[in-house]
Amino acid sequence: METEEKISGATDHSKTRKRKYSLCDISPKKKKKNNLTTNELKEEVCKPAQPNLHKKKKNRKEMSTDDLTNEACALENHETPREKKKKMKRELLNEELINNECKSEEEESKNKFERSSMLAEETLISGLEQNLDESHKKERCKNKKKDNSCSSAENGSQFDHDVSTKNLKRKKKEKQLCEDNLTGSNDNINEADLLFESNLCSGDKSDADKMEPVISTKFKSLKPLVSSQTMKAIQSLGFKNMTEVQMKAIPLLLEGRDLRATAKTGSGKTLAFLIPALERLVRLNFKPSHGTGVLILTPTRELALQTHSVLQELMSHYPPLTCGVVMGGTDRIQEILMLARGCTILVGTPGRVLSHIKKTRRLSLARLVCFIMDEVDQILDSPFREAMMDILLRLPKERQTLMFSATKTPRSNSLAKEALKADFEELDLTGKKDALTVDHLQQYRIIVQGKKAQAERSRVFRQFCGAAAAALLCTDIAARGWDVPAVDWILQFDPPDDPGEYLHRVGRTARGAQQGAALLLLREHELAFVPLLMDTRINITRMVMMDMKKAAQLQHKLEEVVEGVEYLKVLARKAFRGCVVAYSKLKRKDVYNIYELDVRKVAQSLGMSHPPVMYLPIEYKRAKARQQQRAIEEGLWPEDVNA
Ligand SMILES: Nc1ncnc2c1ncn2[C@@H]1O[C@H](COP(=O)(O)OP(=O)(O)OP(=O)(O)O)[C@@H](O)[C@H]1O
């Protein structure tokens, strides 16, 4: 057996030698010109002559690269004028082949480039040319010059070849980087690695090539910037493309920058701050024992619950990190227990958060990494303002601070100066000329002769969210931040106080990629609200009033029902009072003038044939209305009067 093996081994070696020999001896018959590399061609050109090649009778067109090169070398030793001519022709052919070779290399590199570009699109690759060592380039050029055969090539072809080689190298590097990223090697990523990667991705601005960081709208393009945990969390959401605010805010926030972002309602702001907040905790290897790392304030309980539920969905990918929600009207003891167990990300309304900061020792914010104020304009306009300012004073100075909202107000301008670092980033995606609402929201207004409905406190949020089909009567408590799935229509029976309020109300529909429509009911004397909307880049189309005969029939039936039931009569009187008083409190006195309100029609809209006799505390408001009217005329309203 052993002998056999030895014998067979010997045979194999001889075969190998034979193969080696045949590879060295480039046979014109066996090798096709396209298989030869430029260097092989050059070597062949410089080889000693092989006289027997002269004898080969071949059509010139059929001659291989080797034929030509060998013949060329042979002719170098035995030149006649005719042969010289022939040699020149052959040399020309040779050059053409070399050029072709270069071109094919270039094509190949082009293909590779296209392939890697596709990957690069997903990995934010840019500015890699800086990594090409200049000395290597020079060396290559020197080698080229030394090479006689190549010196005959035109400068253009030489340049092309250099470029193609350079491209090949660059693409190789790009591909390598893409592959590194795809392998998910950043499982145990640290801040330094990420900084390195993000530097790579953003490119060296001092380099001649100055390539801007390219970020695609695809969530996948975040791969080089975030950990595999975050990528998995993102994938679990099922969204492929980022919205504009996500695309622009996430990379900035991953760098640890403070940010004030203003983006349209329903544009995906929640994920724009949750994703980087989570990723920063991962990078810092944050543990539940470290206390609370991220604090998110929201103006309403419903928004707090909603943000918490999005968080819960994401957090399943970040064990052992935890999240919790605290808000007024809920069981404090349960909240304290939750905080005692450890809560890495805390969502809450300002009042309850402040109360816990003051009284609950187990809430530790000493290692707070990120403080987020969502719907900050609403917080500032609410009684929560004081609480939020108090919270701000109690937080560690070294933190990242974010302000997110759909609108900007003078109050939030001054808060930004107070709460954010001096070099904070400002992201205003409402557009200077664009409409303030998303394009796929259709908006209508309708003019009615009387009040059509009474306002009611909001129904149970979750119950409404879970319903297959439902109509929710609500006040402005539901105007901001609520993300109720698939709301088709927003009908505004009570007018919004100002365009900002209108914007938030209609923002409850047409969220994400969904369609939606909004209808605003206005009385005749309230038409001044339409130009106000237009001035705020909110485009609204007039809708023709429905059949008035039907409306009259409905009115008659409504009055019959209310008059017949004592309980309903009491409710109707209460509603009347509420409507009139609320109307008198609207800020835009130039549009909503209480003295122009037809109270008889308000009563009719509530099922009463005439207005009830009752005391309405609006007399005091007359003086205030006059004061505001003066302020409007002097151009001081709303800021100065409200401040
Ligand atoms: N990249 C995305 N692609 C598609 N839908 C998205 C994307 N990101 C978020 N959404 C969805 O869009 C809807 C609105 O998102 P979100 O609540 O974050 O908006 P918002 O900008 O905070 O709105 P608002 O200012 O009204 O609070 C949500 O239903 C959310 O799931």
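We count ligands from 1, going down the list as the structure has it; atoms in each ligand are counted the same way. Side chains included, hydrogens not; waters and symmetry mates left out as well; all remaining heavy atoms used.
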Ring geometry between Tyr592 and Tyr583 (parallel below 30°, tilted from 30 to 60°, perpendicular above 60°): perpendicular
Counterpart residues, side-chain contact (heavy atoms from CB on, under 4.5 Å), relative to Ser236 (two or more places apart): His317
Close side-chain approach of Leu532 and Asp498, heavy atoms under 4.5 Å: no
From the candidates Phe239, Phe404, Phe273, the one that places a heavy atom nearest atom 6 (C) of ligand 1: Phe239
Closest to atom 15 (O) of ligand 1 (judged by heavy-atom distance), picking from Ala263, Ala486, Gly268: Gly268
Test of proximity, Ser267 against ligand 1: N or O pairs below 3.5 Å: yes
Return yes when [X] approaches ligand 1 closer than 4.0 angstrom through a heavy atom, no otherwise.
X: Gln514; answer: no
X: Arg508; answer: yes
X: His504; answer: no

Which atom of Phe404 lies closest to which atom of Leu259, heavy atoms considered: CZ-CD2, 3.9 Å
Nearest heavy atoms of His356 and Leu339, plus distance in Å: ND1-CD1, 3.7 Å
Ligand 1 versus Phe219: contacting region, heavy-atom distance under 4.0 Å: side chain
Region of Asn241 engaging ligand 1 - heavy atom pairs below 4.0 Å: backbone
Lys269 with Asp374: basic N within carboxylate O range, under 4.0 Å: no
